[in-house]
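What follows is a single structure, written as structure tokens, with notes after it.
In the text below, chain A, chain B and the rest are named by the order of the sequence lines, each starting its count at 1.
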Number of protein chains: 2
Amino acid sequence: MARTAAPGSRETILTAASGLFYVHGIRAVGMAQVIEAAGCGKNLLYKHFASKAELAAAYLALARQERERSTTEALRWSADPAGRLIALVEEIATTVRQPGYRGCAFRNYLTEFPGEDDAPARVAHDYLRDTRRQIADLVAALDRAEPDVLTDRLCLLVDGLYAGRPERAQVAVDWVTELVRPAAGPR
Amino acid sequence: MARTAAPGSRETILTAASGLFYVHGIRAVGMAQVIEAAGCGKNLLYKHFASKAELAAAYLALARQERERSTTEALRWSADPAGRLIALVEEIATTVRQPGYRGCAFRNYLTEFPGEDDAPARVAHDYLRDTRRQIADLVAALDRAEPDVLTDRLCLLVDGLYAGRPERAQVAVDWVTELVRPAAGPR
DNA sequence: GTCTATAGAAGGATAGAC
DNA sequence: GTCTATCCTTCTATAGAC
């Protein structure tokens, strides 16, 4: 019988690539670097990922999975829409405060590859569209007047939170709390 | 006799490079592309700019000049701090709404070259620091309680405005107006 | 023998720099 | 124009597990 394929080699490569891509940017990282970090041969990498674009798409897809896992976990303890919106922003604030934080992977990709319409760009655009829709749905559930304005404001705030410094994370959380619980008492 | 250097050749090259850098990103544009767009020889480019990093630094310095020209022009008609803050954000909103808008050049650079500490990175960091300080100064002039919180909120809002879609530009302007003129009547 | 893996050479394009 | 270097990708050669 033939030699069995190494299990988990795809994950090993993808994990190595993800770390490098996020820290240094995708354009700055060469395939040789990924291969060295993964400790595999070139053939194996190209067997799992036909091109660098596909590897980048897989990197973003994995990032989405991790983001969604964190988000659903954060939303687990809040039942009402206002609490869920606060938890949503709190989770992003926690992410932003992490030591190695280097921006949103999806927004970073679209900045690194502007105007492109390949597989990773679609993953990035889909993620941004879906997360904004999630905010819109929660705002709609708040049953307030002018939900569109509040949705836009929260999206603006989230975009600023992702882009900004960790020092402003708490300010964003406090602000959202104030916005979705207007009569919540002193801040 | 030797031929005299073409006057304005530096500006021609820098203008060509700036357009390409902003639209496609700096990493995506090669020096050959800049040379072709500028319609000059390679030697002339390297006479004016010793390296691509220097050309990128000049591109960002030019972008800063243009931003500051627009900003001072926008602030010209407002004397009070609140009006100036609104005008500041209105000017950014106008920029964001322009057809070819592709993000803030300085923030884009820092995303394309993370962790770098070269000449263009310094230009970018200086610009961000100074613009944030400008907001802080205007907020201080408002003479309100908790100026730091309002400053952070405005910076958050501005970051979100730069990062987001043009459709949200008006929302940002309205929000700032509400923030700095709390009793300004119906929106 | 057969399959998978690594390692390295080589293709072809393009990069920045002189 | 040229030089060197590096990019992504492919192909070849070899070693090891079944």
Measure the shortest side-chain to side-chain distance between B:F21 and B:L55 over non-hydrogen atoms and say whether it is less than 4.5 angstrom. yes

Taking every non-hydrogen atom, the tightest pair across A:S9 and A:H48: OG-NE2, 2.8 Å

Whole angstrom value for the distance that separates P of D:dT14 from CG of A:L44: 21 Å

Flag for B:T95-B:R67: side-chain donor and acceptor within less than 3.5 Å: yes

Distance check: side-chain N/O of B:Y46 vs OP1/OP2 of C:dC18, anything under 4.0 Å? no

Touch class at under 4.0 angstrom, heavy-atom based, for A:S9 against every strand present: nothing

Let me know the distance between CG of A:L55 and C1' of D:dC7, rounded to the nearest Å. 15 Å

Lys/Arg-Asp/Glu bridge criterion (N-O < 4.0 Å) met for A:R165, B:D159: no

Look at the aromatic rings of B:Y127 and B:F106 and report parallel, tilted or perpendicular, splitting at 30° and 60°. parallel

Rounded to whole angstroms, how far apart are NE2 on A:H24 and P on D:dC7? 13 Å

Can you pull every protein N or O that's under 3.5 Å from an N or O on nucleotides 7-15 of chain C?
| from | atom 1 | to | atom 2 | distance (Å) |
| --- | --- | --- | --- | --- |
| C:dA7 | N6 | A:N43 | ND2 | 3.1 |

So, are A:R64 and A:D126 salt-bridged, with charged N and O less than 4.0 Å apart? no

A:H48 has an atom NE2; how far is it from atom C1' of D:dT9, in whole Å? 17 Å

Starting at CD1 of B:I26 and ending at P of C:dG16, how long is that distance when rounded to a whole Å? 11 Å

